[in-house]
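Quick notes on the structure that follows.
Scope of the values below: all heavy atoms of this structure, side chains included, with no hydrogens, waters or symmetry mates.
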Amino acid sequence: VQLQASGGGLVQPGGSLRLSCAASGGSFVNYGMGWFRQAPGEERVFVAGISWNGYSTGYKDSVRGRFTISRDNAKNTVYLQMNSLKPEDTAVYYCAGTTFPILTRTNIQHWGQGTQVTVSS
């Protein structure tokens, strides 16, 4: 499956962005999906994940309550709604997928290209 992320940009602190990740070439409906981010000079870290049916979600502690992951299997797309953005959320955001029902750090099989999110006044 190919993953195409979009929706990044420059936003002021406290603002919102919605990232999208469109999948093609595979059975997206069966895929566990997630979002990761990588800030300059740092490792890529898990941000949010969602099970194949959308019933189970998980978040990095620092984004819980501000970010929401969702998916539309009819559109083969997973979203990351980011509210109350902070400068420390600045990073390149990557979507990821797995054929397992739930994505974990060890079962990632597909990566999308990154999309830059910059939070600055």
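- Apart from I102 itself, the hydrophobic cluster it occupies contains nothing, where clustering links Ile, Leu, Val, Met, Phe, Trp and Tyr at side-chain heavy-atom distances under 4.5 Å.
- Separating the SG atom in C95 from the CD atom in Q113 is a distance of 7.0 Å, to the nearest 0.5 Å.
- Taken to the nearest 0.5 Å, the OG atom of S120 stands 6.5 Å off from the CG atom of L10.
- When every heavy atom of T115 is checked against every heavy atom of A5, the shortest pair comes out as CG2-CB, 4.3 Å.
- Nearest approach of A23 to F28, heavy atoms of both residues: CB-CD1, 3.4 Å.
- Considering every non-hydrogen atom in both S16 and N83, the closest pair reads OG-OD1, 2.9 Å.
- Considering CE of M33 and CG of N73, their distance stands at 10.0 Å, rounded to 0.5 Å.
- In the hydrophobic clustering of ILVMFWY residues, with side-chain heavy atoms under 4.5 Å counting as a link, F100 and I108 come out apart.
- At a cut-off of 3.5 Å, with distance as the only test, no side-chain donor of T77 or D72 sits close to an acceptor on the other residue.
- With respect to F46, the ring-ring contact (aromatic ring centres under 6.0 Å, His included) criterion is satisfied by exactly one of W35, Y93, F67, F36: F36.
- Geometric assessment of R66 against the ring of Y59 yields a negative cation-pi assignment under the 6.0 Å and 45° thresholds.
- Both the sub-6.0 Å distance and the 45° axial angle are not jointly satisfied by R71 relative to the ring of W52.
- Criterion: ILVMFWY side-chain heavy atoms under 4.5 Å apart, direct or through other members. Under it, L103 and W111 are part of a common hydrophobic cluster.
- T118 and Q116 form a side-chain donor-acceptor contact under 3.5 Å, judged by distance and modelled atom types alone.
- Across all non-hydrogen atoms, the minimal contact from L80 to A48 is CD1-CB, 4.0 Å.
- In the displayed structure, E88 atom CD is contacted under 6.0 Å by more than 12 heavy atoms of other residues, nucleotides or ligands.
- Of all non-hydrogen atoms in S51 and N53, the two that sit nearest each other are OG-OD1, 2.8 Å.
- Each of Y94 and Y79 belongs to its own hydrophobic cluster when Ile, Leu, Val, Met, Phe, Trp and Tyr are linked at side-chain heavy-atom distances under 4.5 angstrom.
- R105 CZ: 12 or fewer foreign heavy atoms inside a 6.0 Å radius.
- Evaluated for a side-chain contact (heavy atoms from CB on, under 4.5 Å) with R37, the options V92, V117, D89 yield exactly one hit, D89.
- The shortest heavy-atom contact between L3 and G97 is CD1-N, 3.8 Å.
- T57 places no side-chain N or O within donor-acceptor distance of the main-chain N or O of G49, the cut-off being under 3.5 Å.
- A donor-acceptor pair under 3.5 Å is formed between the side chain of T98 and the backbone N or O of N107.
- Side-chain contact of Q109 with T99: a donor-acceptor pair under 3.5 Å is present, judged by distance alone.
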